[in-house]
Number of protein chains: 2
Amino acid sequence: MLTDERHAIILSLLNDAGIVKTQELMRVLDCSESTIRRDLDQLEKANKLKRVHGGAKRLYQLNQELSTQEKSLKNIQEKTNIGKFAASLIENDDVIFIDAGTTTLALIDSLKKGNITVVTNGIQHASILAEHHIQTILLGGKIKASTKAIVGSTSLNELKSYQFDKAFIGINGIDIEFGCTTPDPEEAAIKKLAIHQSAVSYCLADETKWNKVNFVKVCDLQDVTILTNKSRVDLTSFKEKTTIMGATS
Amino acid sequence: MLTDERHAIILSLLNDAGIVKTQELMRVLDCSESTIRRDLDQLEKANKLKRVHGGAKRLYQLNQELSTQEKSLKNIQEKTNIGKFAASLIENDDVIFIDAGTTTLALIDSLKKGNITVVTNGIQHASILAEHHIQTILLGGKIKASTKAIVGSTSLNELKSYQFDKAFIGINGIDIEFGCTTPDPEEAAIKKLAIHQSAVSYCLADETKWNKVNFVKVCDLQDVTILTNKSRVDLTSFKEKTTIMGATS
DNA sequence: GACGTTATGATTGTTTTTGACTGATATTGA
DNA sequence: TCAATATCAGTCAAAAACAATCATAACGTC
């Protein structure tokens, strides 16, 4: 096998894997350790790769760590659709509340720039909103480690002094009998109060939330407008008690 | 498996989880404890992570957070040292205030687990603290987009109701005549009040802050203890007006 | 075929990496 | 608090990978 041929193969392998081992190359190229070593030497001098003990690696790590979100693509898609629909409900000069949670995060991604004021209890939400130069007020108080949501009496007191045009609430369970429920009492208190302080309230709920019941009740179905992906759930039984607005699928 | 390969996997795991355990890495990478320990050592020296008892934790993303002029390794090293020293001042059962800013971020990286309560106006600070399961209270209020700090009347009112054992303040300028100064009036108000509400206050200041004057005065030099890297600055002229504690270099 | 050039594989001794072991230090649970 | 346990840093020898050298093989040119 020609030298150039081997070099091409080595670079191609590197491009795929990001890292190659000497032993591996000996097998693939069927030649001695010395030859591989010489090849790597030359390629390094030509600035084509970086030698490391045991093999070589690419010069520039292209695939900078993408955090492996374990969420299924379908679920992301659905959340995005609901978020997009929710964002379309927001008008200029609105003062809105955005609850912590992943579904409401999707809403933020779809938010258009405009003269709105957002109050939220989600740390990540606030951070992203501020980056987008949207006027943002974060509630103060204890941080719940698992969800990075602000909860507790301080935040409730603060919340009492605000009045919202619209509130967007994330919810964990929707049931025709037990209404909207969520597992954490402190988060439930925030949701409850936010709904109370708002002229109109929307609950964002993807497919996975329907016909589930959680520990603490937040509100009855008739207290809010449910935003969902209507094609996915049979809603006939909910119709009488609920106002449902479907997100585009 | 190659060293670089292991390092990449460790960093990737860290990026996802925020924290990795030695035992877990031994299983995943199929190698001995010694090897993992060496890997973590090297990655810590390269400022890629922070070792903790039992494993390692993620460092705040310095490259993203620091402005280009602050990115030099020396500067990071110095911030780390000051942060380490500041962390050593914290005792069990303390209630402390941590100001927003990059120097105080370094303090958080060195915080040991323990029964402490932290109040902060830095969104990122709060987020990291919560991840490490440290009892955290975030001040509520407007978000200043550029520094991701909470400011404004709401936060000041909230702050008034707290009393701290220690306050750790970031500062932009230290001058023998004009004292501690910072560019933003709203952030200055927070710093001022935090110092007032605390039994003891420390100003964290790396080399770049000395003999600089900014727009708004926060306090006189005698009101606080300056934490710095004493070898780097000629402090003789400051001695009479200032309490200075040097960080280990 | 003789000759110089280049590529290859084997061999050498050196350096790096690794896992096991040691006693020291930190954490945990009673 | 104390003792039990887990994790730590440091040392060591074995194993793997290394650079350097040499002799042989392949190639092209005359």
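Atom set for the values below is all heavy atoms of this structure, side chains included, hydrogens, waters and symmetry mates excluded.
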Could you check whether S34(A) gets within reach of a base, just the sugar-phosphate, or nothing at all, counting any heavy atom under 4.0 Å?
base
Have a look at M26(B) and say if it touches a base, only the backbone sugar-phosphate, or nothing, with a 4.0 Å heavy-atom cut-off.
nothing
Are N214(B) and T182(B) linked by a side-chain donor-acceptor pair shorter than 3.5 Å?
no
Does dA20(C) have OP1 or OP2 sitting under 4.0 Å from an N or O in the side chain of R38(B)?
no
If only side-chain N and O atoms of T35(A) are considered, is one of them under 4.0 Å from the OP1 or OP2 phosphate oxygen of dA10(C)?
no
Please give, in whole Å, the distance from dT16(C) P to H53(A) NE2?
9 Å
Could you state the interatomic distance from CG (N121(B)) to CG (L159(B)), rounded to the nearest 0.5 Å?
8.0 Å
Without decimals, in angstroms, what is the distance between L29(A) CG and dT8(C) P?
11 Å
Side chain to side chain, E186(A) and K144(A), heavy atoms closer than 4.5 Å:
no
Counting only side-chain nitrogens and oxygens, does T3(A) get under 4.0 Å of the OP1 or OP2 atom of dT8(C)?
yes
Rounded to whole Å, the CG-P distance (D39(B) to dG19(C)) equals 10 Å
Flag side-chain contact, heavy atom, 4.5 Å: I116(B) against V118(B):
yes
Separation of D30(B) atom CG from dT17(C) atom P, in whole Å?
19 Å
For the pair made of CZ in R6(A) and P in dA7(C), what is the distance, rounded to whole Å?
9 Å
Taking CZ from R37(B) and C1' from dT18(C), how many angstroms apart are they, rounded to a whole number?
14 Å
Contact interval (first through last nucleotide) of DNA chain D with protein chain B, 4.0 Å heavy-atom:
dT7(D) to dA9(D)
Should I137(B) and T154(A) count as side-chain neighbours, where that means a heavy-atom distance under 4.5 Å?
no
Regarding K148(B) and E131(A), does a basic nitrogen lie under 4.0 Å from an acidic carboxylate oxygen?
yes
Gap between atoms NZ and P, on K21(B) and dT28(C) respectively (whole Å)
12 Å
Under a 4.5 Å cut-off applied to non-hydrogen side-chain atoms, are T35(A) and R6(A) in contact?
yes
Within the structure shown, what part of the strands sits under 4.0 Å from Q42(A) by heavy-atom distance: base, sugar-phosphate, or nothing?
nothing
Output the rounded distance in Å from CG (L2(A)) to C1' (dT8(C)).
13 Å
